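Reviewing the structure listed below.
Predicted, not measured: the structure shown is a model, and the values here were computed from it. Letters go in sequence order (proteins before strands), and every chain restarts at 1.
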Amino acid sequence: MLFSQHRFFYFKTEVYFMRQRIKELQGLKSEAQVCICGFIKTVRNKGKNLKFMIIDDGSSQIQATCLRNLLGEKIDALDKISVNSVLKISGTLNRTDLSKSGTEVLVTDLEVLSSAHTGLPIDISEELESSLEKRLNWRHLDLRNPKKKLIFRIFSDFLKLSREYFYARHLTEISSSKLMAAASESGAQVFQVNYFERKAFLAQSPQFYKQMAIAGGFEGVFEIGPVFRAEPSFTSRHTTEFTSLDVEIAYVETVEEVMCFEEQWLAFTFSGLKELYSKQLEELYGIQINIPELPFPRISMTQAQGIVKSYGIECLENSDLSSDGEKALGRYVKEVFNSDFVFLTDFPWSVRPFYHMRSENKQITKSFDLIYCGTEITTGAQREHRYDILCSQASEKLPDLKGIEDYLNFFKYGCPPHGGFGLSPARVITCMLGLDNIREATLLPRDPKRLTP
RNA sequence: GGGGAUGUGGUGCAGUUGGUUAGCAUGCCGGUCUGUCACACCGGUGGCCGCGAGUUCGAGUCUCGUCGUCCCCGCCA
């Protein structure tokens with residue numbers, strides 16, 4: 001009785017419209033009465049009395065077969081209907097070999113919910129692909145391509161699985177402010193905004209605030225939110241705003257614990273995503289997700305420099321790897337360990353921020369990067385939680401400590417040892433799907449030249 | 001910030017050593033078809049070859065400038 005009309009679903013006293021998801025029609029019997037909504041992907045007109053349409057509601061696609069016998073004069077409305085218009089269709093589910101998919105809806109009633117103009121500014125078919133620039137200018141149209149939509153489904157489930165994993169390990173999700181009185185880390189490359197009579201800065205990272213939460217006594221925290229970098233970077237893996245996933249865990253006494261946490265979390269999300277999306281990824285991208293084997297290889301900066309040099313790539317001592325160096329290291333671990341991931345460890349103090357904890361050897365920090373398929377996706381570290389040492393480290397790196405007084409105060413009255421990392425989900429997805437630009441995995445990319453749509 | 005590419009109908013591309021009317025695919029418009037499924041078939045529309053200057057009898061093609069876009073490096077996630 002509840003579903004007899006397939007129209008309304010009564011829940012307590014509220015009434016919800018009961019559209020059926022096309023994806024879920026697969027589970028219904030032939031002859032079932034159905035009501036679906038969606039975009040018209042194609043119309044195949046076979047004359048005045050028979051027309052076929054492909055309807056896409058975002059969950060899946062199905063053929064809607066329109067026969068004059070069943071639809072009457074309403075079929076004439078389809079003579080002028082344009083592709084991309086939105087329809088509501090009632091009909092009968094029909095399992096038949098006449099349709100390649102084996103399923104169709106025989107339409108008995110239809111309503112045009114939205115009529116689309118013709119002549120789209122970009123091509124959203126699977127056959128032709130418009131340039132990235134044009135597709136981003138018309139992002140809402142671009143997303144109608146199931147292949148593009150899939151990227152953001154995976155993005156969404158990556159975050160969902162991550163939350164699931166973090167909550168199960170007693171991390172608390174926080175939302176820190178993105179407006180700050182002083183720059184959050186280096187002081188450079190931050191966006192300035194007007195804040196009443198003052199200047200404010202957009203956060204480049206929730207770093208300081210997640211450490212504040214640790215000082216506040218949480219066992220661990222994480223945040224998934226936007227960060228802003230005023231870097232004039234013109235590459236396929238940088239944007240000026242991106243969603244950052246940041247984790248900070250208390251009572252961590254070695255940087256190794258942080259790396260273990262991260263690799264186990266990633267293995268969890270990767271196998272979750274494989275379970276959810278392997279079929280669609282195979283169909284639309286012709287790829288499989290590689291579930292990483294644990295532990296990821298760990299390679300110190302010193303070792304890495306030797307490896308990179310053996311690939312004929314220059315690198316200076318006490319400096320970071322160049323992006324060519326990262327790519328070479330990625331190739332190396334693939335060849336030697338058959339791993340897509342590698343932790344690059346023991347970064348020199350000279351290239352790390354003041355709050356990373358130093359090793360016994362003061363030139364080395366207890367920090368790491370995570371490289372995935374030759375691209376840096378994470379920076380992490382054990383943090384310096386001892387107030388006096390932190391202050392002295394800050395003095396070494398910064399001209400004065402005035403700007404970070406609030407931050408230093410976090411550690412003044414006791415703070416557990418802790419560590420954490422930040423990661424770019426968009427970079428993970430870009431590499432996972434083999435996309436050639438991070439903008440593909442960014443819903444509305446912002447870069448030095450793009451501020452719209 | 002430094003370097004390198006690129007710009008041709010709505011979209012994606014081709015265009016020879018400079019040569020006359022700039023092609024192809026797709027889209028779009030009109031028509032035919034009761035089982036299509038990348039529907040098919042018939043007909044049609046659509047381009048100041050980014051912009052400006054120069055070389056030349058002649059420029060989509062060569063040169064310079066300019067604007068847009070993309071990529072690489074640096075910075076990072």
Nearest-Å distance for atom pair [atom1]/[atom2], residues [X] and [N]:
X        : N      : atom1 : atom2 : value
A:Asp447 : B:rC72 : CG    : P     : 13 Å
A:Arg352 : B:rA77 : CZ    : P     : 8 Å
A:Arg229 : B:rG1  : CZ    : P     : 20 Å
A:Asp320 : B:rC76 : CG    : C1'   : 9 Å
A:Glu440 : B:rC71 : CD    : P     : 10 Å
A:Asn137 : B:rC70 : CG    : C1'   : 14 Å
A:Asn94  : B:rG35 : CG    : C1'   : 11 Å
A:Ile122 : B:rG9  : CD1   : C1'   : 18 Å

Side chain of [X] - closest among [options]:
X        : options                : value
A:Phe52  : B:rG74, B:rC75, B:rU36 : B:rU36
A:Leu50  : B:rG10, B:rG35, B:rG74 : B:rG35
A:Leu128 : B:rA77, B:rA25, B:rG35 : B:rA25
A:Ile377 : B:rC73, B:rU34, B:rA77 : B:rA77
A:Thr65  : B:rG35, B:rU69, B:rG74 : B:rG35
A:Ile438 : B:rA77, B:rG12, B:rC71 : B:rA77
A:Ser130 : B:rC33, B:rU36, B:rG12 : B:rG12
A:Phe234 : B:rC33, B:rG35, B:rC73 : B:rC73
A:Asn49  : B:rU34, B:rC76, B:rU36 : B:rU34
A:Lys46  : B:rA25, B:rU34, B:rC75 : B:rU34

Hey, does the side-chain of [X] have a donor or acceptor N/O within less than 3.5 Å of a partner on the base of [N]?
X        : N      : result
A:Glu133 : B:rG7  : no
A:Ser236 : B:rC71 : no
A:Glu129 : B:rU11 : no
A:Arg44  : B:rC33 : no

(message) Let me spell it out: for each of A:Val83 and A:Ala426, pick the nucleotide of RNA chain B with the closest heavy atom. Which residue's pick is nearer the 5' end?
(response) A:Val83
(request) Name the residue closer to the 5' end of RNA chain B, choosing between A:Thr375 and A:Leu106 according to the nucleotide with the nearest heavy atom. (result) A:Leu106
Say we look at [N] and [M]: how far apart would their [atom1] atoms be, to the nearest angstrom?
N      : M      : atom1 : answer
B:rG58 : B:rG18 : C1'   : 8 Å
B:rA53 : B:rG60 : P     : 14 Å
B:rA22 : B:rU16 : P     : 15 Å
B:rC64 : B:rG2  : C1'   : 22 Å
B:rG7  : B:rC48 : C1'   : 15 Å
B:rC49 : B:rG10 : P     : 12 Å
B:rG46 : B:rA25 : C1'   : 15 Å
B:rC24 : B:rU63 : P     : 29 Å

Is any side-chain nitrogen or oxygen of [X] closer than 4.0 Å to OP1 or OP2 of [N]?
X        : N      : answer
A:Ser323 : B:rC73 : yes
A:Thr379 : B:rA77 : yes
A:Lys48  : B:rU34 : no
A:Ser125 : B:rU11 : no
A:Arg450 : B:rC70 : no
A:Lys134 : B:rU11 : yes
A:Ser99  : B:rU36 : no
A:Thr235 : B:rC75 : no

Partner nucleotide, any strand, of [N] [Watson-Crick/G-U, under 3.5 Å]:
N      : result
B:rU32 : B:rA40
B:rC62 : B:rG54
B:rU6  : B:rG68
B:rA25 : B:rU11

(message) Can you classify the ring geometry of A:Phe341 versus A:Phe270 as parallel (below 30°), tilted (30 to 60°) or perpendicular (above 60°)?
(response) perpendicular
Give [X] one of three labels, base, sugar-phosphate or nothing, depending on what nucleic acid heavy atoms sit under 4.0 Å from its own.
X        : answer
A:Pro232 : base
A:Lys327 : sugar-phosphate
A:Leu132 : nothing
A:Arg237 : base
A:Gln61  : nothing
A:Lys51  : nothing
A:Asn45  : base

Salt-bridge criterion met for [X] and [Y] (N-O under 4.0 Å):
X        : Y        : value
A:Glu223 : A:Lys178 : yes
A:Arg19  : A:Asp57  : yes
A:Asp369 : A:Arg352 : yes
A:Glu376 : A:Arg427 : no
A:Glu396 : A:Arg358 : yes
A:Lys51  : A:Asp79  : yes

(request) Please tell me if the side chains of A:Tyr165 and A:Arg169 come closer than 4.5 Å, counting only heavy atoms from C-beta onward. (result) yes
(message) Among A:Phe421, A:Phe296, A:Tyr167, which residue satisfies the ring pair (Phe, Tyr, Trp, His ring centres under 6.0 Å) criterion with A:Trp265?
(response) A:Phe421
(message) For A:Tyr407 and A:Phe410, I'd like to know if the aromatic rings sit close, meaning centre-to-centre distance below 6.0 Å.
(response) yes
